[in-house]
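See structure below.
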Amino acid sequence: MIQLNKWLSYLAIGVLPTLGLAQDKNDTPPENWYNLDPQTDGVMGISTEKAYGLLEGRKSTPVIVAVLDGGVDVSHEDLEDVLWTNPKEIPGNGIDDDGNGYIDDVYGWNFIGNANGENVDEDNLEVTRLIRIYEPKYVSVLPSTPLSERERREFVAYQKMITDYTSKMDEASFGKLNYGRLKEELDSIVKTIGKAPKDITKEDLDRFDPESDRQKMAVRIARKESADNSFEKFLGDIGDAADYFSDQVDFHLNKDFDPRHIVGDDYEDSSERHYGNNDVKGPDADHGTHVAGIIAAKRNNDKGINGVADQVKIMSVRLVPNGDERDKDVANGIRYAVDNGAKIINMSFGKGYVYDKEAVDEAVKYAESKDVLLVHAAGNDASDNDVVENYPTKYFTDSLDAVISEASNWITVGATSWQENSDLLASFSNYGYRSVDVFAPGVKINSTMPDSQYKEQQGTSMAAPVVSGLAALLRAYYPELTAPEVKDIIIKSVTKVDQKVKIKKDGATKRVYLDEISVGGGIVNAYKAVVEANNVVSN
């Protein structure tokens with residue numbers, strides 16, 4: 001779930017497409033804001049620090065939290081003390097010491113690699129993979145072509161996929177061209193100015209003499225952005241945008257690209273469990289490392305940041321490529337985490353289409369039977385999850401996709417910002433009166449990055465680990481609580497806000513209360529959750 005800054009600026013050939021719907025205000029939240037208290041600190045954090053005051057003197061037991069993501073840098077200075085390690089596995093001996101089917105799974109497992117150490121980096125979107133399956137069968141079908149009931153459903157779904165795919169490809173192609181050209185012009189400007197990007201000021205840009213209309217436009221955009229942030233940040237964001245759209249065209253939407261052969265599994269066999277390798281970092285661990293830090297970065301160690309939970313062990317399960325995750329891997333990732341002792345599973349990923357929902361549903365039921373809580377990001381499309389599909393989901397369905405039941409161990413999380421005003425709901429966040437349970441901080445969240453670095457990121461991907469951290473806190477200090485009880489406590493103890501927020505609905509901006517767009521109707525609060533937990537265990 002990638003979040004990139006938004007520009008609506010003109011280049012020589014037209015308007016730049018928007019990227020995400022990220023809030024990019026000039027004001028900056030206080031450090032560690034998501035752990036702060038609304039009343040004491042004036043920001044819409046979750047009162048983590050206040051909660052620990054209430055827990056002082058209470059015994060706790062470390063809780064294992066599995067991060068199902070794109071990889072975690074286990075050598076990070078702020079994470080190395082909070083990692084789960086497999087006590088039955090001897091590192092590096094090439095033997096499956098504990099007999100669980102995974103060789104040298106010391107820190108977790110990687111389901112998108114192979115035994116030779118090769119890893120999948122880029123992959124398709126699920127819509128691309130599905131079109132590749134259905135296109136040979138339905139590309140020549142007419143409305144008058146005789147079809148069975150099942151085929152008719154597939155054909156209708158295929159038509160919807162084609163419409164969605166075409167729209168995505170048009171935007172991606174346009175974005176690749178425009179952001180690529182803008183990046184080229186900015187690189188040329190940097191070279192001419194003769195300074196490192198971090199040293200380039202607005203005055204340097206004011207003095208710059210453009211050589212073409214396109215360069216003039218690039219300078220104008222850079223000057224405006226540098227007034228709000230640094231030129232270096234702007235240049236980095238443009239580079240991210242160019243890479244994002246290039247990846248979309250070259251990999252995510254490329255029907256001729258299919259990297260699954262790297263893994264070497266029987267992809268159609270959803271019951272296959274043992275494939276992959278023990279490289280839990282992989283080629284790109286930015287997202288997963290950031291998520292892990294929000295949950296568990298070592299608290300009060302005079303380094304970096306404070307995670308939400310102080311008694312936690314992070315298990316890394318790599319299954320999200322640069323592209324859409326595959327259902328088989330999600331199902332196996334859940335099962336691996338459950339079988340190796342995780343009590344909470346964070347899933348900061350999602351997609352609009354599903355290939356093997358049954359495999360995922362069975363894994364969710366397995367986690368439910370083992371009392372494991374699943375925390376899922378709501379998505380970053382500013383859409384209503386009650387209406388628009390977002391997988392995986394807490395709903396179990398039949399062969400006709402009708403909802404038949406709901407997982408009791410599942411909590412879906414939308415994202416909020418730090419100020420109590422109409423922009424409180426993150427502009428990118430999905431919502432849903434029935435399908436999104438709670439909201440949590442997800443804007444400008446500073447957390448861990450590979451190589452012991454730190455960076456702000458935003459998205460519901462950041463909000464979900466805030467809730468996973470809170471769940472870990474509760475399960476560490478109140479081990480008698482079940483997964484459904486923890487979920488219920490988190491939902492019941494939210495901070496209610498008497499403030500309408502902006503959402504996008506049916507092409508227009510509307511103002512609603514949080515209890516109109518979520519089950520809990522508020523933002524999670526650790527202090528209130530601890531109070532509620534005390535009430536539950538004492539009764």
field: Pair Glu368-Lys365, salt bridge (Lys or Arg N to Asp or Glu O under 4.0 Å): steps then yes or no
entry: CA-CA 5 Å; Glu368 190 175 32; Lys365 291 174 183 177; over 6 Å; no
Evaluation steps, side-chain contact (heavy atoms from CB on, under 4.5 Å), between Val67 and Ser316: CA-CA 5 Å; Val67 174; Ser316 177; 5.6 Å; no
- request: I would like to know whether Val443 and Phe428 meet side-chain contact (heavy atoms from CB on, under 4.5 Å); could you show each step before the answer?
  value: CA-CA 10 Å; Val443 175; Phe428 51 77; 4.1 Å; yes
- prompt: Can you check side-chain contact (heavy atoms from CB on, under 4.5 Å) on Tyr478 and Glu485, steps first, answer last?
  reply: CA-CA 11 Å; Tyr478 303 91; Glu485 285 175 331; over 6 Å; no
message: Using side chain to side chain donor-acceptor pair (under 3.5 Å), reason through Asn119 and Asn277 one step at a time and then give a plain yes or no.
response: CA-CA 9 Å; Asn119 291 316; Asn277 63 44; 3.1 Å; yes
- prompt: Does the pair Tyr179 and Asp240 meet the rule for a side chain to side chain donor-acceptor pair (under 3.5 Å), with working shown?
  reply: CA-CA 9 Å; Tyr179 281 103; Asp240 287 345; over 6 Å; no
task: Take Asp121 and Phe251 through the side-chain contact (heavy atoms from CB on, under 4.5 Å) test and state the conclusion after the steps.
output: CA-CA 10 Å; Asp121 184 3; Phe251 305 112; over 6 Å; no
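Between the side chain of His252 and the backbone N or O of Asn322, at least one donor-acceptor pair lies under 3.5 Å. One N or O on the side chain of His76 and one on the backbone of Gln453 form a donor-acceptor pair closer than 3.5 Å. Between the side chain of Trp109 and the backbone N or O of Ile103 there is no donor-acceptor pair closer than 3.5 Å. Arg299 places a side-chain N or O within 3.5 Å of a backbone atom of Gly307 that can act as its donor or acceptor partner. Although no hydrogens or angles enter the test, the distance criterion places a donor-acceptor pair under 3.5 Å between the side chain of Asn124 and the main chain of Phe257. Formation of a donor-acceptor pair under 3.5 Å by the Asp488 side chain with backbone atoms of Pro484 is not found in this model. Counting only distance, with no hydrogens or angles, the side chain of Asp105 and the backbone of Asn278 share no donor-acceptor pair below 3.5 Å. In this structure, the side chain of Asn114 engages the main chain of Ile262 through a donor-acceptor pair within 3.5 Å. Counting only distance, with no hydrogens or angles, the side chain of Ser405 and the backbone of Phe396 share no donor-acceptor pair below 3.5 Å. Under a 3.5 Å cut-off, the side chain of Ser447 and the backbone N or O of His290 do form a donor-acceptor pair.
Counting heavy atoms from C-beta on, the side chains of Arg335 and Glu362 come closer than 4.5 Å. A 4.5 Å side-chain heavy-atom check between Asp279 and Arg318 finds every atom pair outside the cut-off. Using a 4.5 Å heavy-atom cutoff, the side chains of Tyr454 and Asp78 are in contact. By the 4.5 Å heavy-atom criterion applied to side chains, Val530 and Leu473 are counted as neighbours. Between Ile294 and Tyr34 the shortest side-chain heavy-atom distance falls below 4.5 Å. Val403 places a side-chain heavy atom less than 4.5 Å from the side chain of Thr397. Between Asp265 and Arg260 there is a side-chain heavy-atom pair separated by less than 4.5 Å. Between Asp104 and Glu89 there is a side-chain heavy-atom pair separated by less than 4.5 Å.
Annotation for Glu358: atom CD does not count as buried by contact number, only 12 or fewer foreign heavy atoms lying within 6.0 Å. Crowding of Lys88 atom NZ: a count of heavy atoms from other residues, nucleotides or ligands under 6.0 Å not exceeding 12. Around the NZ atom of Lys357, the shell of radius 6.0 Å holds more than 12 heavy atoms that belong to other residues, nucleotides or ligands. Open room surrounds NZ on Lys168; 12 or fewer heavy atoms of other groups in view lie less than 6.0 Å from it.
Listed by chain and residue number, nothing satisfies the ring-ring contact (aromatic ring centres under 6.0 Å, His included) test with Tyr107 (two or more places apart in sequence, or in another chain).
Ring centers of Tyr391 and Tyr353: at least 6.0 Å apart, outside the cut-off.
Looking at Arg152 and Glu149, no side-chain N of the basic residue comes within less than 4.0 Å of a carboxylate O on the acidic one, giving no salt bridge. A salt bridge links Asp437 to Lys394: one of the charged nitrogens lies within less than 4.0 Å of a carboxylate oxygen. The residues Asp324 and Arg129 are annotated as not salt-bridged, no charged nitrogen and carboxylate oxygen being separated by less than 4.0 angstrom.
Using cut-offs of 30° and 60° on the angle between ring planes, the pair Tyr138 and Tyr158 is tilted.
The two residues Asp123 and Pro259 have their closest heavy-atom pair at OD1-CD, 3.3 Å.
Neither side chain, Asp371 nor Thr482, offers a donor N or O lying under 3.5 Å from an acceptor on the other. Neither side chain, Ser435 nor Asn385, offers a donor N or O lying under 3.5 Å from an acceptor on the other.
Cation-pi check for Arg326 over Tyr355 is not met; the charged atom does not lie both under 6.0 angstrom from the ring centroid and within 45 degrees of its normal.
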